[in-house]
Amino acid sequence: MPLGAGMTVGEAAGGAVGRVPRHVACVMDGNGRWAARRSLPRTSGHRAAETTVIDVIEAARTAGVEWLSLYAFSTENWRRPSTEVDFLMRLVRRVVRKHAPLLHARGIRCRFLGVADPRIPPALARDFTDLMTLTGENRGMTLTVAFDHGGRSDIVAAARSLIRSGVPADAVDERSFAAHLPFPDTPDVDLVIRTSGEQRISNFMLWQVAYAEWMFPPVLWPDFRAPHFLQCLHTYQQRDRRFGGVPTDANGERPA
Ligand code: IPE
Ligand code: IPE
Ligand code: MG
């Protein structure tokens, strides 16, 4: 049984062997280095990332992944030069508008996680809302794009919402807390893939990655393709997820 937002870590059964992860989350890292290696401006790396995004969405969908989350812009990324930030805002708008019909045709439900900062251009925020509305009834894979996202900020938002609800402190448990997170129906992440070899969490979906498996392929995001993604799924299927329990035996069974 995969972890879900309404389920505590202790309630989850272990195991990954042979299973497609239900929720895969990608930290799309390495665009700047991809460009630098070609003596190109960093923005070229971001532009080249579009092909990977579409490839990975399609690979995940056809592999049977139910939830795919992509980290596109962090609350910390506002620290970048304004020229790069402006470029990213324009690029994301273009990508969203261009691929909206395809995403909808594929039955993908799209969501944008974060998007709270007033510096986000209103036209981009509107495009996000339009795509969420267009695809809201779709029952295929759910694609969550984390944009202006911070894991800590989500946890603080949940704490505020919980306090406002007037729930007594003793009545708060993991399940009721998680119900106040943004998009509380999102199941816990099973597998995080961070490209470019960096081995950091960078404030990504902190609550939901509590018991995720991690992979750090060295390939830079603009070079990452469906076969790399499928290799990660394959590696995941070899892992024995224990959730604090004991290892499986040679038959893949857990001792009673
Ligand atoms: C990830 O690539 C894209 C965003 C954070 C928007 P980077 O831009 O972080 O690329 P590197 O890490 O500098 O190579
Ligand atoms: C994390 O990558 C954010 C995204 C991929 C959107 P960064 O490149 O911004 O993270 P750090 O600075 O290496 O931690
Ligand atoms: Mg980076």
Side-chain angles (χ1 to χ4, degrees), residues 23-57 59-60 67-99 110-117 119-121 124-125 127-128 131 143-156 182-183 186 189 191-209 212-225 228-229 232:
H23 186 177
V24 179
C26 298
V27 182
M28 310 189 287
D29 202 12
N31 299 351
R33 277 162 284 168
W34 184 93
R37 282 181 197 174
R38 289 162 178 75
S39 306
L40 294 168
R42 293 177 53 82
T43 48
S44 305
H46 298 316
R47 203 181 288 119
E50 176 183 351
T51 307
T52 307
V53 168
I54 300 305
D55 218 43
V56 165
I57 291 171
W67 296 76
L68 176 70
S69 298
L70 301 178
Y71 201 7
F73 193 87
S74 72
T75 47
E76 290 71 34
N77 287 146
W78 293 106
R79 295 180 187 146
R80 296 189 177 200
S82 63
T83 46
E84 182 170 341
V85 170
D86 291 348
F87 180 90
L88 283 166
M89 298 291 147
R90 283 198 304 277
L91 176 70
V92 170
R93 179 149 199 244
R94 193 177 60 70
V95 169
V96 165
R97 293 173 77 91
K98 178 174 159 194
H99 296 288
C110 300
R111 292 170 165 185
F112 294 88
L113 174 67
V115 201
D117 196 290
R119 286 171 288 185
I120 294 170
L124 178 59
D127 287 340
F128 288 166
L131 185 55
L143 171 67
T144 302
V145 178
F147 190 89
D148 180 36
H149 161 77
R152 284 188 171 179
S153 146
D154 281 359
I155 291 170
V156 169
F183 300 123
T186 308
V189 174
L191 168 63
V192 183
I193 302 168
R194 182 168 186 153
T195 55
S196 86
E198 302 292 353
Q199 302 188 4
R200 282 193 284 285
I201 197 163
S202 298
N203 201 14
F204 184 40
M205 296 183 98
L206 296 181
W207 182 277
Q208 296 88 344
V209 301
E213 297 294 317
W214 288 78
M215 276 166 218
F216 302 102
V219 55
L220 304 173
W221 180 257
D223 290 329
F224 192 75
R225 286 290 177 275
H228 300 109
F229 184 83
C232 290

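The residues of the chain are indexed from 1 along the displayed sequence. Just so you know, ligand 1 is whichever comes first in the structure, and atom 1 is the first atom listed for that ligand.
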Next item on the list: Before signing off on this row, confirm whether Arg194 and ligand 2 have an N or O atom pair separated by under 3.5 Å.
Entry: yes

With a 3.5 Å distance limit and no angle check, can you tell me whether Asn77 reaches the backbone of Ser74 through a side-chain donor-acceptor pair? yes

Atoms of ligand 2 under 4.0 Å from any heavy atom of Phe73, numbered from 1 in the order shown, are 6 (C)

If we number the atoms of ligand 1 from 1 as shown, the ones under 4.0 Å from a heavy atom of His46 are 3 (C), 8 (O)

Donor-acceptor pair, side chain of Arg225 and main chain of Asp55, under 3.5 angstrom
no

Practice problem: Quick one: sort the Phe204 and Tyr71 rings into parallel, tilted or perpendicular, breaks at 30° and 60°. | Solution: parallel

Any N or O of Arg200 closer than 3.5 Å to N or O of ligand 2:
yes

Correct closest heavy-atom pair for Ala35 and Arg42 would be CB-CA, 3.9 Å

**Message:** Heavy-atom contact check, 4.0 Å cutoff: does Arg33 meet ligand 2?
**Reply:** no

message = Taking distance alone, with N or O pairs closer than 3.5 Å, would you say Trp34 contacts ligand 1?
response = no

Minimal heavy-atom distance between Ile155 and Trp207, with the atoms involved, is CD1-N, 4.3 Å

Here the pair of heavy atoms bringing Leu68 nearest to Cys26 is CD1-SG, 4.4 Å

Practice item. Kindly confirm or rule out an N or O of Asn31 lying under 3.5 angstrom from an N or O of ligand 1. Key: yes

In terms of heavy-atom contacts, Thr75 and Trp78 come closest through O-CD1, 3.2 Å

Logged contact type for Ala146 with ligand 2, heavy-atom cut-off 4.0 Å, is neither

min-distance protein heavy atom vs atom 14 (O) of ligand 2 -> Ser202 OG, 2.6 Å

- Query: Would you call Met28 a ligand 2 contact, heavy-atom distance under 4.0 Å?
  - Reply: yes

Closest heavy-atom pair, Ala72 versus Val145, reported as atoms and distance to 0.1 Å, is CB-CG1, 3.9 Å

Worksheet item: Should Gly32 be counted as touching ligand 1, given the test is an N or O pair under 3.5 Å?
Response: yes

Quick note on ligand 1: atoms under 4.0 Å from a heavy atom of Arg80 include exactly 4 (C), 5 (C), 7 (P), 8 (O), 9 (O)

Quiz item: Is at least one protein non-hydrogen atom found at under 4.0 angstrom from atom 7 (P) of ligand 2?
Solution: yes

Can a donor-acceptor pair be found, under 3.5 Å and without considering hydrogens, that links the side chain of Thr195 to the backbone of Leu220?
no

Counting heavy atoms under 4.0 Å, the part of Ala72 that contacts ligand 1 is backbone

Among non-hydrogen protein atoms, atom 13 (O) of ligand 1 lies closest to Arg42 NH1, 3.0 Å

Checking distances from the Mg ion (ligand 3), one finds that the N, O or S atom of Asp29 closest to it is OD1

| request: For Ser196 and ligand 1, answer yes if some heavy atom of the residue is under 4.0 Å from a ligand atom, otherwise no. | output: no

Strictly distance-based, threshold 3.5 Å: is any side-chain N or O of Asn203 a donor or acceptor partner for the main-chain N or O of Arg152? yes

| field | Whether Arg47 side chain and Thr43 backbone form a donor-acceptor pair below 3.5 Å | value | no

Query - Polar side-chain atom of Asp148 near backbone of Gly114 as donor-acceptor pair, under 3.5 Å - result: no

Within 4.0 Å of some non-hydrogen atom of Asn77, the atoms of ligand 2 are 3 (C), 6 (C), 9 (O)

With heavy atoms and a 4.0 Å threshold, my read on which part of Phe204 contacts ligand 2 is neither

